[in-house]
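Heads up, the thing below is written out as structure tokens.
Below, all heavy atoms of this structure are taken into account, side chains as well, without hydrogens, waters or symmetry copies. First the proteins, then the strands, lettered A, B, ... as listed; each starts at 1.
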Protein chains: 2
Amino acid sequence: METVVRDETENGKTEEQKGITKDASICGYDSLHRLLSASLEPHVFQEVSRLLLGLNCGRALDPIVLPKLATSFSKEHDFDLQAFCFHADKELLREPRMVRVGLIQNSIALPTTAPFLDQKRAILQKIKPIIDAAGASSVNILCLQEAWIMPFVFCTREKRWCEFAEPVDGESTQFLQDLARKYNMVIVSPILERDVNHGETLWNTAVIIGNHGNIIGKHRKNHIPRVGDFNESTYYMEGNTGHPVFETAYGKIAVNICYGRHHPLNWLAFGLNGAEIVFNPSATVGELSEPMWPIEARNAAIANSYFVGSINRVGTEIFPNPFTSGDGKPQHADFGHFYGSSYFSAPDASCTPSLSRYKDGLMIADMDLNLCRQLKDKWGFRMTARYELYADMLARYVKPDFEPQLITDPLLKKRP
Amino acid sequence: METVVRDETENGKTEEQKGITKDASICGYDSLHRLLSASLEPHVFQEVSRLLLGLNCGRALDPIVLPKLATSFSKEHDFDLQAFCFHADKELLREPRMVRVGLIQNSIALPTTAPFLDQKRAILQKIKPIIDAAGASSVNILCLQEAWIMPFVFCTREKRWCEFAEPVDGESTQFLQDLARKYNMVIVSPILERDVNHGETLWNTAVIIGNHGNIIGKHRKNHIPRVGDFNESTYYMEGNTGHPVFETAYGKIAVNICYGRHHPLNWLAFGLNGAEIVFNPSATVGELSEPMWPIEARNAAIANSYFVGSINRVGTEIFPNPFTSGDGKPQHADFGHFYGSSYFSAPDASCTPSLSRYKDGLMIADMDLNLCRQLKDKWGFRMTARYELYADMLARYVKPDFEPQLITDPLLKKRP
């Protein structure tokens with residue numbers, strides 16, 4: 001396995017070095033998995049993988065051999081391409097329900113100073129061969145990253161970027177409808193939505209395109225961040241579409257957009273509505289969230305007995321006008337490094353390695369959706385969840401006069 | 001740092017080797033952290049730690065220098081002793097609220113064939129120097145492991161072990177009350193409870209002992225497993241004490257007992273009731289749960305903006321009568337290996353390394369409870385949680401005629 005090590009300079013430029021040596025600078029390693037693989041003896045790496053990737057029986061996830069057409073796209077257009085197969089038991093009364101699922105992460109294609117139309121078109125042009133590689137690999141369901149058709153502009157608080165918003169049946173959807181039809185593929189397309197019928201309201205929305213190119217429906221981001229440079233609440237409001245699960249030709253899917261991954265109740269609601277795969281298209285940066293990235297999605301997959309596909313955009317996006325970040329530091333022009341690292345989690349606590357922290361990429365996984373019910377039967381989380389306790393608790397909590405269940409030590413001397 | 005490598009033989013005996021060599025058998029390494037520390041170059045280990053331990057700004061948790069008395073207990077009685085300090089910002093309007101918290105993991109002291117009274121007394125005798133080490137270290141709040149006064153017998157389905165159950169003010173509580181008084185320490189004591197006033201009902205209960213030796217209250221395990229050899233539902237029922245938070249001299253604490261850690265709603269409810277530290281005293285074995293162990297508690301700490309102390313018992317317990325495990329395999333006499341690995345998680349996504357997978361241990365952490373509110377202010381999870389959506393969702397879900405929010409592709413050809 002080849003490991004890419006980069007030295008990142010202060011202003012976000014990167015310089016590639018191939019291979020890793022024990023004394024190489026650690027900045028800019030390609031992925032944790034490749035770093036450990038290159039640094040550990042094989043038998044140590046195997047045990048570390050058992051714990052970190054949840055390979056409980058010591059069985060590594062089988063890599064999938066993809067068609068040459070797919071790998072040649074990857075080489076020609078320089079994107080990371082990885083593919084794994086999750087394990088599941090063979091059942092006696094149900095056939096396996098194998099689905100091949102893909103996640104795409106990408107950087108923007110042109111500087112943010114380029115004309116908006118050029119920026120959009122260049123992203124369409126750049127994403128096309130990655131989707132073609134998914135199509136050539138017979139991917140059944142494909143998910144793109146959050147607001148994939150534009151830079152992640154919300155750090156700027158400038159409203160001119162709102163021009164990138166599109167209606168659900170707009171240009172980017174039409175582009176993907178053709179590809180969905182061509183490849184008989186369900187495509188989840190997260191966009192900045194302009195809701196013309198409701199007075200030009202903006203939403204952060206995932207459009208679900210069926211394998212015949214039809215629009216099955218949409219979901220609007222439920223939880224909007226106000227943290228760091230994620231000034232998204234300046235641009236759009238909390239979604240009004242509930243927690244829909246979309247029954248597609250290949251399984252029941254849902255979309256937990258970005259910041260919603262910090263909310264266990266959001267994950268739960270998609271599970272209660274029957275999701276078998278939940279996508280988490282995201283845009284998040286290193287300093288803020290990188291250690292949380294391998295935790296939250298895996299926890300959701302375990303707790304809710306479904307698969308999760310986590311996507312983060314990649315690269316550093318530099319904006320024309322510098323801005324401050326509410327941290328007392330000098331103005332600057334970028335959001336920080338989007339660290340990619342897209343990956344899949346399974347309900348049995350296993351997960352794939354992650355895509356590159358620096359490159360565009362396509363992660364593919366084969367999964368037997370029967371595994372969801374197998375884990376429900378094994379662990380019994382739904383049966384033992386006592387939802388009525390929590391329905392009651394939350395009904396009380398949302399009232400302004402809620403009093404917590406607090407038992408105070410009677411010997412406690414209150415401080416004055 | 002010294003790494004202990006063991007070769008474990010089939011019948012559970014271990015053989016210690018000090019140090020690690022690159023070609024040593026990987027079976028029986030002491031902890032993932034020590035394994036990586038011994039196997040990776042320091043600069044690689046630092047970056048791996050940043051991701052795995054959530055050391056976001058690259059600052060390792062500072063180790064705490066403990067009094068010699070504590071370290072001498074550790075050497076004399078051969079238990080793992082580790083201590084770290086979590087980071088928090090200094091505030092301008094509040095003083096830091098520093099608390100020193102301890103977690104104890106231990107194996108049983110005598111074979112399960114010994115007379116019951118001898119077994120109990122031997123555990124009391126064995127745990128005493130570990131608690132003394134906590135006392136000598138000025139630990140403020142200490143938590144013991146689940147059902148710490150007995151072997152974890154529930155794999156056997158034999159009711160004779162019920163004799164180990166004690167009332168809340170029974171022998172083990174009295175033993176700990178003396179030590180709580182002596183060391184001015186809050187102690188959380190998870191026991192198998194015999195509820196005499198309710199017809200000798202059994203519960204899985206945590207007793208909260210105040211720093212003056214008084215009993216502040218109790219909490220009974222909310223979620224009971226039916227998985228693998230965890231036949232606990234044969235012995236006791238779902239707890240009836242809600243989600244109490246105990247306001248002690250040193251902070252607001254709660255107890256999520258064992259299997260409750262798989263239930264995000266259980267973690268949530270303790271948070272909504274105001275917990276600043278939630279303990280998760282557990283008993284869990286390698287094959288079943290080891291890859292989930294570093295995920296669920298950390299997710300809970302992040303999502304609920306509180307500290308979590310995770311405890312797992314350690315060692316292999318062999319029972320007199322062989323039993324089957326519902327997996328078609330031959331009868332056997334042990335539950336599997338309890339892998340220890342107790343650790344702390346913080347609301348900022350950082351965590352300590354884990355205690356040994358093989359030895360008794362005491363993990364100590366200093367934490368400024370102000371960090372909980374700092375993370376709430378930073379991330380805003382409570383503000384953005386939209387609890388009213390989920391109160392409504394759960395109220396609908398618990399009704400027998402609940403219909404999931406499912407949007408079916410109209411072009412989907414239903415299979416016959």
If I measure from the heavy atoms of chain B, does Leu272(A) come under 4.5 Å with its side chain, its backbone, both, or neither? both

Grab the two heavy atoms, one from Lys378(A) and one from Val227(B), that are nearest each other, plus how far apart they are. O-CG2, 3.4 Å

Minimum heavy-atom separation for Thr384(B) to His223(A), with atom names? O-ND1, 2.6 Å

Intermediate values then yes/no, side chain to side chain contact (heavy atoms under 4.5 Å, CB included), Ile216(B) and Ile407(A): CA-CA 8 Å; Ile216(B) 301 177; Ile407(A) 298 174; 4.1 Å; yes

Contact origin within Leu268(A) toward chain B - heavy atom pairs under 4.5 Å: side chain

Contacting moiety of Val398(A), where chain B heavy atoms sit under 4.5 Å: side chain

Between Phe402(A) and chain B, which part of the residue has a heavy atom less than 4.5 Å away: side chain, backbone, both or neither? side chain

Non-hydrogen atoms of chain B under 4.5 Å away: do they reach the side chain of Leu265(A), the backbone, both or neither? both

Give, as side chain, backbone, both or neither, the part of Phe230(A) having an atom under 4.5 angstrom from any heavy atom of chain B. neither

Just give me the residue among His243(B), Arg298(B), Arg396(B) that pairs up with chain A most often, heavy atom to heavy atom, under 4.5 Å. His243(B)

Checking Asn222(A) against chain B: side chain, backbone, both or neither under 4.5 Å from a heavy atom? both

Which bit of Leu389(B) comes within less than 4.5 Å of chain A, counting heavy atoms only: side chain, backbone, both or neither? side chain

Which atoms of Ile208(A) are under 4.5 Å from chain B, going by heavy atoms: the side chain, the backbone, both sets, or neither? neither

Show your reasoning for whether side chain to side chain contact (heavy atoms under 4.5 Å, CB included) applies to Leu52(B) and Leu52(A). CA-CA 9 Å; Leu52(B) 295 185; Leu52(A) 294 186; 4.0 Å; yes

Please test Leu412(B) against Thr248(A) for side chain to side chain contact (heavy atoms under 4.5 Å, CB included), starting from the C-alpha separation and ending with a verdict. CA-CA 7 Å; Leu412(B) 184 58; Thr248(A) 74; over 6 Å; no

List the steps, then state whether side chain to side chain contact (heavy atoms under 4.5 Å, CB included) holds for Asp409(B) with Glu247(A). CA-CA 6 Å; Asp409(B) 183 348; Glu247(A) 189 173 23; over 6 Å; no

Taking only residues two or more places apart in sequence, or in another chain, which ones meet Lys218(A) in a salt bridge (charged side-chain N to carboxylate O under 4.0 Å, His left out)? none

Is chain A contacted by the side chain of Arg261(B), its backbone, both, or neither, given a heavy-atom distance below 4.5 Å? neither

So what's closer than 4.5 Å to chain A heavy atoms on Thr241(B): side chain, backbone, both or neither? backbone

Tyr259(B) versus chain A, heavy atoms under 4.5 Å apart: side chain, backbone, both or neither? side chain

Working to the nearest 0.5 angstrom, can you tell me the gap between Leu411(B) CG and Asn214(A) CG? 4.0 Å

Which distance, rounded to the nearest 0.5 Å, do you find between the CG of Leu406(A) and the NZ of Lys252(B)? 5.5 Å

Please state whether the side chain, the backbone, both or neither of Asp377(A) comes within less than 4.5 Å of a heavy atom of chain B. neither

Roughly how far, to the nearest 0.5 Å, is the CG atom of Asn266(B) from the CE atom of Met393(A)? 10.5 Å

At their closest point, which heavy atom of Arg386(B) faces which heavy atom of Gly239(A), and how far apart are they? NH1-O, 3.0 Å

Do you see a donor-acceptor pair shorter than 3.5 Å between the side chains of Tyr390(A) and His263(B)? no

So which part of Leu36(B) gets closer than 4.5 Å to some heavy atom of chain A, the side chain, the backbone, both or neither? side chain

Determine the minimum heavy-atom distance between Asn273(B) and Gln405(A), stating which atoms define it. OD1-N, 2.9 Å

Please determine, among Arg226(A), Glu403(A), Glu238(A), the option with the most heavy-atom pairs under 4.5 Å with chain B. Glu238(A)

Smallest heavy-atom separation, Arg50(A) atom then Pro291(B) atom, equals O-CG, 3.7 Å

Gly210(B), Gly242(B), Ala395(B): which one forms the most heavy-atom pairs within less than 4.5 Å of chain A? Gly242(B)

Name the region of Pro225(B), side chain, backbone, both or neither, that has any atom closer than 4.5 Å to a heavy atom of chain A. neither

Gap between atom OH of Tyr387(A) and atom CG of Leu394(B) - 0.5 Å precision: 8.0 Å

Ignoring hydrogens, what is the shortest heavy-atom contact between Pro264(B) and Asn299(A)? Give both atom names and the distance. CG-ND2, 4.4 Å

Would you mind checking which part of Tyr397(B) comes under 4.5 Å of any heavy atom in chain A, side chain (CB onward), backbone (N, CA, C, O), both or neither? side chain

Distance in Å, Ile224(B) CD1 paired with Met383(A) CE, rounded so as to fall on 0.5 Å steps: 13.0 Å

Pairs of heavy atoms under 4.5 Å with chain B: top-ranked of Pro410(A), Ala385(A), Cys351(A), Gly228(A): Ala385(A)

